[in-house]
6 protein chains.
Amino acid sequence: MNPERYAKGAERLKQMKNTSTIGSRLRDVSPDLDGYIKEYAFGDIHSRPGLSARDREMVIISALATLGFAQEELRSHINMGLNAGLSRQEILEVFIQLSVYAGFPAAVNATFVAKEIFAERDAQGIDV
Amino acid sequence: MNPERYAKGAERLKQMKNTSTIGSRLRDVSPDLDGYIKEYAFGDIHSRPGLSARDREMVIISALATLGFAQEELRSHINMGLNAGLSRQEILEVFIQLSVYAGFPAAVNATFVAKEIFAERDAQGIDV
Amino acid sequence: MNPERYAKGAERLKQMKNTSTIGSRLRDVSPDLDGYIKEYAFGDIHSRPGLSARDREMVIISALATLGFAQEELRSHINMGLNAGLSRQEILEVFIQLSVYAGFPAAVNATFVAKEIFAERDAQGIDV
Amino acid sequence: MNPERYAKGAERLKQMKNTSTIGSRLRDVSPDLDGYIKEYAFGDIHSRPGLSARDREMVIISALATLGFAQEELRSHINMGLNAGLSRQEILEVFIQLSVYAGFPAAVNATFVAKEIFAERDAQGIDV
Amino acid sequence: MNPERYAKGAERLKQMKNTSTIGSRLRDVSPDLDGYIKEYAFGDIHSRPGLSARDREMVIISALATLGFAQEELRSHINMGLNAGLSRQEILEVFIQLSVYAGFPAAVNATFVAKEIFAERDAQGIDV
Amino acid sequence: MNPERYAKGAERLKQMKNTSTIGSRLRDVSPDLDGYIKEYAFGDIHSRPGLSARDREMVIISALATLGFAQEELRSHINMGLNAGLSRQEILEVFIQLSVYAGFPAAVNATFVAKEIFAERDAQGIDV
């Protein structure tokens with residue numbers, strides 16, 4: 001692996017105030033897949049200047065809600081989206097908009113994930 | 001159908017400078033489906049205040065690229081996204097970001113649709 | 001929102017003897033998404049005369065089983081399908097037919113949802 | 001392969017007045033895949049008594065429209081659905097219903113396939 | 001159903017040292033769907049000579065990870081793949097390779113299923 | 001971009017005797033996406049030692065056929081798979097196996113792509 005790109009990705013996740021345990025749970029079974037997430041997904045791509053972190057999270061949340069099967073990743077990116085400046089209302093609005101393109105079940109299921117995240121953040125006293 | 005909501009949706013499409021022929025080609029075979037696109041998709045949803053038109057198009061483009069099979073709709077929304085203030089570079093950046101979540105084939109195929117739209121707009125002297 | 005279309009959708013859900021809690025759980029986080037389900041999905045569309053309620057549920061169950069990720073919605077529509085006149089055998093037959101087009105995993109997973117619904121209805125003394 | 005099941009499937013396709021060339025184009029490259037379509041898809045499954053041919057086609061059309069990428073198969077089954085007693089209006093209604101679950105792009109693209117089939121049948125003087 | 005093809009499929013599953021309970025749980029609700037899995041999926045197809053059992057499982061695991069929604073089937077086929085000669089490292093490598101085509105969420109979720117299987121096999125003293 | 005990883009990916013594509021024009025057509029619209037395909041998809045991942053090139057292509061072909069919408073990428077990887085030692089019969093067998101998991105339409109459409117590739121290679125006097 002490439003320590004510099006890995007460190008850049010890990011730093012980006014820290015900036016995004018990532019709290020997901022996906023990375024640590026992945027590391028002991030497939031350290032290289034964890035490595036590529038740090039290096040490629042966050043070091044190379046998420047850190048690019050062409051879109052704001054807030055816009056990137058809007059794009060990612062839209063893709064994950066459309067895929068439909070990636071609920072843990074959606075959970076992680078709703079948190080990062082809120083940390084990056086998306087409001088709760090904007091995230092709910094994304095799912096209302098997606099009802100048209102990905103269908104209501106995808107929109108509803110994503111909204112239920114958001115509901116859980118909002119409750120968790122409320123319980124932790126995080127007011128965004 | 002509901003003439004007021006239909007008119008609101010048609011007006012929204014006009015504001016977005018829609019040039020797609022999906023509506024007119026749909027109208028003579030399934031006028032009601034065309035009607036629901038105007039009423040629900042654009043009259044009710046796309047016209048909502050919670051997100052800017054530019055953000056809505058970013059969400060829609062992300063969903064359509066992820067679905068992978070909706071190339072004509074993607075073509076129409078890349079055009080509307082550019083009309084709503086997304087730059088060409090931002091749209092290409094959306095697809096680079098999606099390579100991580102929807103995979104490279106979805107990202108590449110969406111980029112090829114964008115390439116065609118950019119060429120068409122160049123040929124029409126549209127410089128955004 | 002539109003109270004008349006909302007009422008029509010809520011009435012349709014009542015006619016279908018809907019027992020799903022999706023609507024109530026959605027209402028406190030995204031009342032507008034719940035609203036569009038009532039207004040558009042059930043008020044505008046499900047209430048249309050062009051297909052019987054039984055046929056609509058057959059179509060919906062086929063779509064949900066094919067999507068593969070919408071198990072809670074599938075659960076709700078298997079119930080409504082049975083309430084609308086589909087027999088248990090017909091629902092199982094739909095999934096056998098879908099093995100050809102959506103693949104065996106989609107067919108099997110949908111059958112397991114049906115199995116749970118049938119057991120719940122048995123426990124409640126509902127004999128269809 | 002199994003000649004009896006193959007013959008049963010071929011007979012079923014004939015009863016459905018299948019005009020698709022999928023089988024013949026498949027036969028010279030992968031005769032066994034063509035064989036399994038005859039044997040399993042049509043000999044074993046489509047011929048089962050549990051659902052009418054009309055209902056089976058409604059299920060299949062719903063699945064294919066939801067998959068989104070199977071336009072040639074959709075074309076073939078819209079034809080068989082019409083031959084089995086589904087009306088043109090019912091097929092268009094299926095796609096209106098699917099806008100809710102599979103999203104508008106899937107519904108619109110399926111409707112365009114139906115439009116082509118209706119035109120072809122008109123040109124051939126087939127009035128259903 | 002066809003007792004000979006059923007027996008052949010059941011025998012194949014036994015050779016693969018299948019431990020999944022999908023079949024037995026399916027049998028009491030939809031014995032015919034269980035029958036087609038034995039007859040078609042394992043009797044006709046998995047038993048064909050054209051690819052080794054190890055290669056078939058690599059193909060199946062790739063398809064299931066890409067679908068994203070078929071985690072129980074993936075669990076069953078990771079076990080059969082290991083029984084057929086795929087190493088744990090090869091299975092993890094398949095998911096690393098899939099990150100490029102199906103996206104990271106599909107790859108990560110499949111890796112988490114593999115992690116569970118590896119732990120179960122360790123607990124049972126199975127060292128492959 | 002990273003010249004070393006880019007060169008490694010370009011070299012890998014050359015070893016695989018890639019003839020697809022995806023890269024060159026991508027380069028003038030989104031050079032960075034082309035760059036990540038070279039760097040990440042082929043430089044980092046496809047070049048890893050954990051699986052043979054033949055096995056990687058079998059995995060990729062299975063994923064692309066399952067996605068259903070990635071026909072140009074499938075075309076490119078059927079060619080690379082044949083160059084890496086998969087026989088034509090093995091590729092057709094992969095699609096027969098996938099009929100069970102991804103459904104017949106995905107299997108049939110992939111087989112038609114293979115048929116075109118085989119004809120092109122015959123026309124070019126390539127006998128594998």
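Numbers restart at 1 for each chain; the letters A, B, ... are given by sequence-line order, proteins then strands.
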Taking Gly35(C)'s backbone N and O only, do any of them form a donor-acceptor pair with Asp32(C)'s side chain (distance below 3.5 Å, no angle check)?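 Side chain of Asp32(C) to backbone of Gly35(C): no pair is present.
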What part of Asp34(C) gets within 4.5 angstrom of chain A, counting heavy atoms only: side chain, backbone, both, or neither? neither
So, the part of Ile22(C) with a heavy atom under 4.5 Å from chain A: the answer is both
Check this for me: Gln124(A), atom CD, are more than 12 non-hydrogen atoms of other residues, nucleotides or ligands nearer than 6.0 Å? yes
Point-to-point distance, once rounded to the nearest 0.5 Å, from CG of Asn109(A) to CD of Gln71(C): 9.5 Å
Tell me, for Ala114(A) versus chain C, whether the close heavy atoms (under 4.5 Å) come from the side chain, the backbone, both or neither.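 Neither part.
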Side chains of Arg121(A) and Asn79(A), donor plus acceptor under 3.5 Å: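 Looking only at side-chain atoms, Asn79(A) and Arg121(A) do form a donor-acceptor pair, the distance falling under 3.5 Å.
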